[in-house]
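Here is the structure we will look at.
Here is how names work: the chains are called A, B, and so on, in the same order as the sequence lines, proteins then strands, and each is numbered from 1. Everything quoted here is computed from the prediction, not taken from an experiment.
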There are 2 protein chains.
Amino acid sequence: MVNMTAPMLSNDPLIHRLQRFHPLSSDDIHALERLSAVPRRRLRARTEFLSEGDRPGQVSILHEGWACKLVMLPDGRRQIAGFLLPGDLLWRPAGDVRLDYSVQALTEVSIIPIGAAAFEFQFAARPALATALAVRDRVEEAIQRRWLVNLGQRSALERIGHLFCELHHRLDAIGLVDGTGFAFPVTQVELGEATGLTPVHVNRTLRALRHQGLIDLESRTLRLPQPAELAQRTLFDPGYLEP
Amino acid sequence: MVNMTAPMLSNDPLIHRLQRFHPLSSDDIHALERLSAVPRRRLRARTEFLSEGDRPGQVSILHEGWACKLVMLPDGRRQIAGFLLPGDLLWRPAGDVRLDYSVQALTEVSIIPIGAAAFEFQFAARPALATALAVRDRVEEAIQRRWLVNLGQRSALERIGHLFCELHHRLDAIGLVDGTGFAFPVTQVELGEATGLTPVHVNRTLRALRHQGLIDLESRTLRLPQPAELAQRTLFDPGYLEP
DNA sequence: CGCCACTTTGAAGCACTTCAACATATGTGG
DNA sequence: CCACATATGTTGAAGTGCTTCAAAGTGGCG
């Protein structure tokens with residue numbers, strides 16, 4: 001690779017994402033590439049990668065596939081606290097903090113584990129990387145907050161529709177939307193765990209969305225035939241996803 | 001002030017909090033004190049300090065009083081996304097990110113505004129401060145996640161009771177709990193905005209908690225006569241608040 | 001082929017909302 | 001310090017969005 005001074009595009013999803021948040025020099029990008037030059041970990045669908053209570057020594061980055069953050073209550077209730085897409089950080093260690101959630105693979109996934117010390121050293125040494133990562137943190141925080149608003153204030157149809165808009169937007173940003181459709185490997189049970197609804201009601205709500213022509217979901221592929229209409233009906237405003 | 005090498009306690013709420021998260025040297029503490037040596041901003045109750053869309057140049061720290069993060073939907077629905085107590089960060093700028101929520105004072109408050117550049121410089125230069133702040137970030141994130149679980153999975157009684165447990169614990173950590181009781185300046189309307197319930201149902205739920213002897217709330221003072229019983233009934237586990 | 005996970009539909013129940021009214025604090029200007 | 005306005009708290013009665021329970025249909029995979 002030639003060490004160009006102009007920024008360049010990367011197909012590494014983390015680099016791709018950070019570049020969207022803050023301009024990076026090619027030196028920054030090479031530093032990231034060096035960090036990422038470690039063997040991937042591969043996991044089968046429906047397996048747990050990190051568990052609540054863990055204190056991993058690595059920063060884990062999702063490279064391919066879908067995963068989710070899951071919180072379980074002692075009585076068995078489950079809440080999905082976020083979907084993880086390529087380029088997302090699964091966890092970044094700090095002090096001796098333990099994970100308060102688990103990470104579950106929804107599809108087959110590949111994960112980049114980077115030693116926490118090397119990761120923090122590179123980001124501390126490079127202001128542009130530090131800023132890009134800080135921006136990413138704010139966006140992540142904003143996504144979590146939107147989920148909170150979703151659960152606190154919205155109807156079932158709004159919750160599910162808003163979630164679809166968010167995922168469509170995030171997947172589009174990493175080039176995983178083909179036309180208007182994209183792979184959507186989430187079951188109705190999981191959709192219920194993410195939106196605080198029962199699987200039965202998720203099913204009925206999907207039917208309503210379908211009958212209104214707002215979604216087209218079959219065989220794990222989701223299409224949004226009228227994205228603008230759906231965004232309006234669910235009060236989706238992408239501002240919080242793109243600083 | 002003598003420059004002792006052993007850590008010391010501070011009545012500055014931010015220092016107090018960071019010390020709980022990671023050990024700080026007295027040099028670290030003095031650096032923080034120098035940062036905080038700026039005129040406080042005072043605000044009356046029920047006023048807005050930061051607004052959605054703002055891009056402040058300061059890190060704002062709540063020094064006295066209660067505030068909250070508020071998200072408003074275009075149609076007027078309101079979701080409180082977190083209560084802010086002394087020592088909490090109201091916002092920490094990153095890149096050119098805009099606020100996705102507003103900050104509302106619930107009581108009279110005093111706020112410490114610190115220039116973002118000076119703040120980031122000190123924390124980048126001092127590893128112990130950086131770690132303490134990173135731990136704080138994870139705890140903040142975990143609190144948000146618990147709120148999500150609250151709204152997604154819990155009944156009205158569990159939501160409100162769990163919130164009371166969280167606030168009791170956080171206030172206790174900064175010395176604002178006197179015996180079993182503490183000042184609780186939140187109205188029932190606001191409690192509804194935080195828990196995704198109508199004020200009417202908040203009222204009925206408070207009555208139920210009262211009749212079961214789990215709370216004693218009057219004239220803006222909240223007492224938890226049986227904290228352990230309440231924690232058990234609401235599945236409250238303080239692990240996520242204390243790494 | 002047969003199992004198991006996922007999806008779909010119906011019917012009944014209930015936690016929470018909505019609408020409405022009144023009671024009680026809180027604060028403010030005269 | 002009272003009079004009045006306004007915010008906050010309380011209670012009742014009716015409605016509804018979502019849950020629960022139950023059962024059957026569909027599809028992927030060993």
What is the separation between atom [atom1] on [X] and atom [atom2] on [N], rounded to the nearest whole Å?
{"X": "B:L191", "N": "D:dA7", "atom1": "CG", "atom2": "P", "result": "19 Å"}
{"X": "A:E218", "N": "C:dC6", "atom1": "CD", "atom2": "C1'", "result": "15 Å"}
{"X": "A:I160", "N": "D:dC18", "atom1": "CD1", "atom2": "C1'", "result": "12 Å"}
{"X": "A:R220", "N": "C:dC6", "atom1": "CZ", "atom2": "C1'", "result": "7 Å"}
{"X": "A:R204", "N": "D:dA22", "atom1": "CZ", "atom2": "C1'", "result": "12 Å"}
{"X": "A:L209", "N": "C:dT7", "atom1": "CG", "atom2": "P", "result": "15 Å"}
{"X": "B:L157", "N": "C:dC14", "atom1": "CG", "atom2": "C1'", "result": "16 Å"}
{"X": "B:R207", "N": "D:dT10", "atom1": "CZ", "atom2": "P", "result": "9 Å"}

Greater than 12 external heavy atoms within 6.0 Å of A:E242's CD
yes
From [options], pick the nucleotide closest to the side chain of [X]?
{"X": "B:R210", "options": "D:dT10, C:dT7, D:dT20", "result": "D:dT10"}
{"X": "B:V200", "options": "D:dT11, D:dA22, C:dT7", "result": "D:dT11"}
{"X": "B:Q188", "options": "D:dG9, C:dC16, D:dT8", "result": "D:dG9"}

Under 4.0 Å between a side-chain N/O of A:N203 and OP1 or OP2 of C:dT7, yes or no?
no
Please confirm whether the ring centroid of B:F184 lies under 6.0 Å from the ring centroid of B:F164.
yes
NA contact type, [X], heavy-atom cut-off 4.0 Å: base, sugar-phosphate, or nothing?
{"X": "B:L206", "answer": "nothing"}
{"X": "A:S155", "answer": "sugar-phosphate"}
{"X": "B:T198", "answer": "base"}
{"X": "B:G192", "answer": "nothing"}

Check whether any side-chain heavy atom of A:W147 lies under 4.5 Å from a side-chain heavy atom of A:E166, and answer yes or no.
yes
- Message: Would the distance check show the side chain of A:R98 and the main-chain N or O of A:G53 forming a donor-acceptor pair, the cut-off being under 3.5 Å?
- Response: yes
- Donor-acceptor pair, B:Q79 side chain versus B:A194 backbone, under 3.5 Å? yes
